[in-house]
Amino acid sequence: MAIAACLLLSVIGVMLLYLCSPNQRWRRLPLRGRAWRVAAWALVALAWPAWMVTLEAKAGFFAALTLLMLLAGLLPLVSLLKLTRAAR
């Protein structure tokens with residue numbers, strides 16, 4: 001259950017970071033306001049120690065680092081799936 005909470009923190013944090021970006025393609029306009037970006041960074045910052053507490057410290061550090069890199073690379077590609085469905 002704790003790993004699911006850590007995963008949820010990581011996914012929501014990276015998703016909000018992506019949605020704040022002017023280059024995002026999920027919404028017509030990016031999320032405006034500094035509060036969204038601060039909330040996104042706070043969730044990512046909370047996810048990191050949560051992983052390290054849930055797992056052993058070294059494993060948690062590696063899991064958080066790997067997951068955040070994976071999410072940051074894959075979330076922008078989800079918009080391509082949406083575009084290909086709309087093109088059909």
Side-chain angles (χ1 to χ4, degrees):
M1 190 66 169
I3 291 178
C6 295
L7 181 65
L8 190 63
L9 277 173
S10 300
V11 170
I12 292 173
V14 174
M15 193 181 310
L16 282 176
L17 277 177
Y18 177 68
L19 289 174
C20 290
S21 170
N23 297 324
Q24 61 89 21
R25 297 288 173 218
W26 288 6
R27 303 178 70 228
R28 204 165 50 90
L29 293 172
L31 294 176
R32 300 283 184 199
R34 185 179 170 115
W36 287 108
R37 191 171 304 267
V38 170
W41 280 113
L43 287 174
V44 170
L46 284 174
W48 203 286
W51 278 108
M52 292 179 71
V53 168
T54 302
L55 303 174
E56 185 183 333
K58 291 177 187 176
F61 180 84
F62 179 74
L65 181 65
T66 304
L67 184 66
L68 292 175
M69 287 190 304
L70 180 70
L71 288 172
L74 288 181
L75 284 180
L77 297 177
V78 172
S79 64
L80 295 177
L81 295 174
K82 187 173 95 172
L83 292 176
T84 57
R85 284 190 197 157
R88 290 183 186 178

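Numbers here are sequence positions counted from 1.
Taking every heavy atom of both residues into account, Pro30 and Pro22 meet most closely at CG-CA, 4.0 Å. Taking every heavy atom of both residues into account, Tyr18 and Arg25 meet most closely at OH-N, 3.0 Å.
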Just list the side-chain donor-acceptor pairs under 3.5 Å for residues 63-78, sequence neighbours left out, or say none.
unit_1	atom_1	unit_2	atom_2	d
Thr66	OG1	Phe62	O	2.7

Please report, to 0.1 Å, the donor-acceptor pairs under 3.5 Å made by any side chain of residues 51-58, with sequence neighbours excluded.
unit_1	atom_1	unit_2	atom_2	d
Trp51	NE1	Ser10	OG	3.0
Thr54	OG1	Ala50	O	2.7

Anything under 3.5 Å between a donor and an acceptor, one on a side chain of residues 35-47, the other on a protein residue two or more places apart or in another chain? List them.
unit_1	atom_1	unit_2	atom_2	d
Arg37	NH2	Cys20	O	3.1

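Scanning for side chain to side chain contact (heavy atoms under 4.5 Å, CB included) contacts around Leu29 gives Arg32, with sequence neighbours left out. Residues satisfying the ring pair (Phe, Tyr, Trp, His ring centres under 6.0 Å) criterion with Phe61, sequence neighbours excluded, are Trp48.
Remark: of the listed residues Leu7, Leu9, Leu8, Leu7 is the sole one forming a side chain to side chain contact (heavy atoms under 4.5 Å, CB included) with Val11.
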